[in-house]
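I have placed the structure first, in the form of structure tokens, so that the comments after it can refer back to it.
Chain letters run A, B, ... following the sequence lines, proteins first and then strands; every chain starts at 1. All heavy atoms count here, side chains included; hydrogens, waters and symmetry mates do not. Note that the structure is a prediction, hence the values are computed from the model and not measured.
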Amino acid sequence: MDYLPIIRTPAGGWVAPRDVLVVPTALQYRGSPLFKSGNCADRNSPYTAILLESDHDVRFLEALGARIFNKDDVRAILAAPEFSFQTKGYGWIAALFEYLHANPSADPTSSPYLHLETGEWTAPHVGLMYIGKPADIPFDLASVNISILNGDFVTEISKIETARLYLTEELQIGKLSEATIISAIFDRHARGPSSTDLYPQKLDAQICMAHAQFLSRHHRLIDWDQRAEAAYPFYVVSQDGRLRKAEEMVTNKMVSRKKRMFPISDLGPPSFPFLSSSYPPEVAQFLAKRLGVKATFPLTEPTAPPTGPTEAVPESTTLHSMFSADEGRKTNFGLHYLSAIWADLPLEIRQNNTILQQLQTMPCHCKNGRFVPLRQAFLRTSKLAPCLSPEMDVLDLPSSGHPRWLFLEALGVTTEPNVEFLIWGLRHHIGKQIPRQMSEGYLEALYGDLFAYYRKCYSASEQELLRLVYPSSPI
Amino acid sequence: MLRDKFNADTLLLASYRSLSSYAWASPANVFLECPSFIRSTLSQIPTKSRSYKSICKFLELPTWSTANLLESELTATFSKLKMSYSMWQGYLYNALKFVVGENKYISAAGPKEWLTAILELPVFPVLDKSGTKRYSKLQASVTVPDSFLFLGALQGQLDLLDFGDLPLDILVPLLKCAPHPPTFLSEHESHENVSMVLVEPIISDTFHTRLVMRKIDALAR
């Protein structure tokens, strides 16, 4: 029976059932087959496509020997690499999705039938794919392997409910949320800055900076407990433009000099791992508070050797090395740095004797060219300036009379004519020739200031106490 | 704190009193009320400078103690002055005279240990039989020429304690405290200890004899 021309074609002719390809209504689009007969799995056969107005006669035609366009055909067509979706309209794809919603097994899921906002066509499940995105994402989502479908594409698909359902439920493509982006950012950083199969785009300074900005802006959405468990690195940009792990970096303080603000790192050697000053202050603060960027360099040397590579403190990141490295540069960068952070340090650190004692031994550059421990140096303040002489170890600092340097008092620097200063004066005399004829004036010059200082320093009650302790004390 | 710094850095200017010279020292090594003869121990500079005196008071300088310091003063000065016999004579004489002047050191109960040690020092100037000037400790072979009666007759025959023309009698009580006392010439002045024989001159004085004879002749005319 199948060879008898008993079926009338749309053109008015008659064909045998075996030469007919019956296209069910579900595979029709705007009065034409969704796929041309040439796209059929059995492509060598010259089928005549018969479009059914209803699927009522499908079983009857099949019984007569007609070929029915089925989901295997669809799957085969979709899986063919040469099949181009780009030439189809969004309406056609909506019709396809409508069909696939009813016949999900027809989808090989490897076909690039999704149009991205970047213009590319891609298959589902290649990276993270979403419908729409939050506003104001300051970086390319491709950096975290997130793709967004073309807006017009989604609009067209959404016109057909079943097509939309296929997209959102079967393919599970939903709206992109900030939380998803946050998670993607952390996952991306966990795999290091280089490109990988999963992340073809490597991290660069611009992207990392934008990532940090985004995290800072949406920090309330971050699950910090989960982050703490993961303990993955997060990459930030250093002042010299390189990417480094956040925990290796130190906040770059802004300092004011001569009515100009600039990062403290500008005064130091470029090798120091300061966070880039391009980070907005609130972002830098977020990085320090949450992602391991240190507020300051360690103020003391580690007392015990590191127990493992993860605990090692890089040589260049201690304050001690900051002072040591300065011996060739003579900029007193360590002091500049301390002046920038001192006021922000907790009181228990500023009053910690161990820390203070270590800092007091730091070698500092003086105007006479010598490097001396901090506690032996003088600061040219207005009170001390008249008493200083060129051979004295006066710190080589700009605007040394500025109040920002007064913290050096706590580190043993002499800032006013105190006992240390007067003692220094006496010490200085030791090297000089003693006059052959001793005079009252010479002795007054030697000891007058010291005696006056002691008399002035002690309050009336202290003087009384001193008399009890030292009955012969003149004070 | 101030005292520590002064001690550590020798920040106190002090004087060698009898020399009018000065040095930087630790307050612990500068002494108050030093006797005038000292040459090797530092003392507070005598001055009207109020600041200097006040600082010295505040530093609580130790006070000179003959018992504690004299031996080291003598030893140190001897090493400087031994080449100058006459200077050392004068210095040691003054030092011993100072000790005698402080009567408390010489008591009936006998000398203190420190004084004994000083009197045993080999620093006493001696003019020996051959006329050589040397230093020796006090012992019986050294004679203290404290009598002029026999001095002329015995010079060149004994080793004499030699303080030049300085009067020795003031030192005798002190020298007698020595653990090995010297011989005192004055002890031989009594008749019991001296036997004398008058003899005629053994050398004829022809010159004076002739002179006398001429005068006799002249008177006889």
**Q.** Residues from residues 388-397 of chain A approaching chain B under 4.5 Å (heavy atoms)
**A.** none
Q. Are there residues of residues 347-357 of chain A that reach to under 4.5 Å of chain B by heavy atoms, and which ones?
A.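 Hits under 4.5 Å: none found.
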Q) With a 4.5 angstrom heavy-atom cut-off, which part of B/Ser15 approaches chain A: side chain, backbone, both or neither? A) neither
Q.
For B/Leu13, which atoms come within 4.5 Å of any heavy atom of chain A: side chain, backbone, both, or neither?
A. both
Q. Does one side chain, of B/Ser49 or A/Tyr447, offer a donor that lies under 3.5 Å from an acceptor on the other?
A.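 No, A/Tyr447 and B/Ser49 have no side-chain donor paired with an acceptor closer than 3.5 Å.
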Q. When you check the side-chain N and O atoms of B/Lys53 and B/Thr47, is any donor under 3.5 Å from an acceptor?
A. no
Q | Face-on cation placement of B/Lys57 at A/Phe451 ring, 6.0 Å and 45° thresholds | A | no
Q) Does the ring of B/Phe184 carry B/Lys176 above it, NZ/CZ under 6.0 angstrom from centre and within 45° of its axis? A) yes
(Q) Whether the side chain of B/Ser72 engages the backbone of B/Leu69 through a donor-acceptor N/O pair (distance < 3.5 Å, no angle test) should be reported. (A) yes
Q. Between the main-chain N or O of B/Ala25 and the side-chain N or O of B/Asn29, is there a donor-acceptor pair closer than 3.5 Å?
A. no
Q. Is any NZ, NE, NH1 or NH2 atom of the basic residue among B/Asp159 and B/Lys129 found under 4.0 Å from an Asp or Glu carboxylate oxygen of the other?
A. no
Q) Is the closest basic N to carboxylate O distance between B/Lys133 and B/Asp128 below 4.0 Å? A)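 Judged by the 4.0 Å cut-off on N to carboxylate O distance, B/Lys133 and B/Asp128 do not form a salt bridge.
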Q) What part of A/Leu426 is in contact with chain B, defined as an atom under 4.5 angstrom from a non-hydrogen atom: side chain, backbone, both or neither? A)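 Both parts, backbone and side chain.
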Q.
Before we go on, tell me: are the rings of B/Tyr135 and B/Phe124 under 6.0 Å apart, centre to centre?
A. no
Q) Which residue pairs pass the ring-ring contact (aromatic ring centres under 6.0 Å, His included) test with at least one member in residues 154-180 of chain B, sequence neighbours excluded? A) B/Tyr93-B/Phe163
Q | Partner chain A: residue of B/Ser21, B/Ala23, B/Ser51 with the largest heavy-atom pair count (under 4.5 Å) | A |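 Of the options given, most contacts go to B/Ser51.
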Q) Listed by chain and number, what are the salt bridge (charged side-chain N to carboxylate O under 4.0 Å, His left out) partners of A/Glu416, not counting sequence neighbours? A) A/Lys383
